[in-house]
Amino acid sequence: MRWRDLIEDAPRFAGIVQRRLLDPGVLLVVTLRADGSPRLSPVEPLTVERDLWLSMMWRSRKASDLARDPRALLHSIVTTREGTEGEVKLRGQAMAVDDLDARARYADAVAVLGWRPEEPWFHLFRIEIEDVTLIRYAPSGDQYVARWPAREEFLRRATSATSVGPPEPVSDLFTQ
């Protein structure tokens, strides 16, 4: 699935995901090193033509990881201890983009950020989405979870400062 599928299928959910994952201008990407251990790196995301794109420095370690194994976890930046702003985790595949016309369109679009990649000295990936999870915490400590494309939502009530109870179904972001 692609970014456009998320927008069309779950617009309210997609709006929150956009604000938390993309609007800050930087997110964290987890890739897999050759030895299988995880690598965590910052990257600037951009949506172009209703797709989610990541560009990376030429021959960077994270780009080499994705060229070898396209599995990626994208994670929003978390800026508070409380978690009320929410965090987003997107699991998917980073598909290398070699088409010169697509790369040129990306370069034109990213120029609004104040820089422009030069051919052929950058890596470009389009993200194929497998799963998106939004987690938020209420001031009470209750944990709210929403997942797409499963379209499942649940609340786990705080039972102490460090634990939550079993999931209770809720319906909020996926209702029409």
Backbone of F122 reached by a side-chain donor or acceptor of R103 within 3.5 Å: yes
Partners passing ring pair (Phe, Tyr, Trp, His ring centres under 6.0 Å) against Y144 (at least two apart in sequence or in another chain): none
Counterpart residues, side-chain contact (heavy atoms from CB on, under 4.5 Å), relative to T162 (two or more places apart): S160
Donor-acceptor contact present, side-chain E87 to main-chain H75, <3.5 Å: no
Euclidean distance, S55 OG relative to L46 CG, rounded to 0.5 Å: 8.0 Å
Flag if over 12 foreign heavy atoms under 6.0 Å of CD, E118: no
Ring pair (Phe, Tyr, Trp, His ring centres under 6.0 Å) contacts touching residues 5-38 (sequence neighbours left out): F13-F174
Mutual orientation of the aromatic rings belonging to W53 and Y106 [parallel < 30°, tilted 30-60°, perpendicular > 60°]: tilted
Test item: E85 side-chain N/O and T79 main-chain N/O as donor-acceptor pair under 3.5 Å: yes
Any donor-acceptor pair under 3.5 Å from Q93 side chain to A72 backbone: no
Member of D9, D5, D131 meeting the side chain to side chain donor-acceptor pair (under 3.5 Å) criterion with W148: D9
Salt bridge (Lys or Arg N to Asp or Glu O under 4.0 Å) involving D69 - partner list, sequence neighbours excluded: R71
With sequence neighbours excluded, residues passing side-chain contact (heavy atoms from CB on, under 4.5 Å) with V30: P38, L40, L73
Any donor-acceptor pair under 3.5 Å from R20 side chain to G86 backbone: yes
R105: salt bridge (Lys or Arg N to Asp or Glu O under 4.0 Å) partners, not counting sequence neighbours: E49
Residues that E128 engages under salt bridge (Lys or Arg N to Asp or Glu O under 4.0 Å), provided they are two or more places apart: R126
Atom of A158, atom of D142 and distance for their closest heavy-atom approach: N-OD1, 2.8 Å
Electrostatic pair R91-E130, nearest N-O below 4.0 angstrom: no
All side-chain contact (heavy atoms from CB on, under 4.5 Å) counterparts of P45, not counting sequence neighbours: L22, L27, L52, L54
Which residues share a side-chain contact (heavy atoms from CB on, under 4.5 Å) with R61, sequence neighbours left out: R39
Sequence-distant partners of R156, salt bridge (Lys or Arg N to Asp or Glu O under 4.0 Å), two or more places apart: none
From W3 atom CH2 to T47 atom OG1, the distance as rounded to the nearest 0.5 Å: 7.5 Å
Distance (rounded to the nearest 0.5 Å) between I127 CD1 and I129 CD1: 8.5 Å
By side-chain hydrogen bond (donor to acceptor under 3.5 Å, both in side chains) - contacts of T159 (at least two apart): S163
Partners meeting side-chain hydrogen bond (donor to acceptor under 3.5 Å, both in side chains) with T80 (sequence neighbours left out): none
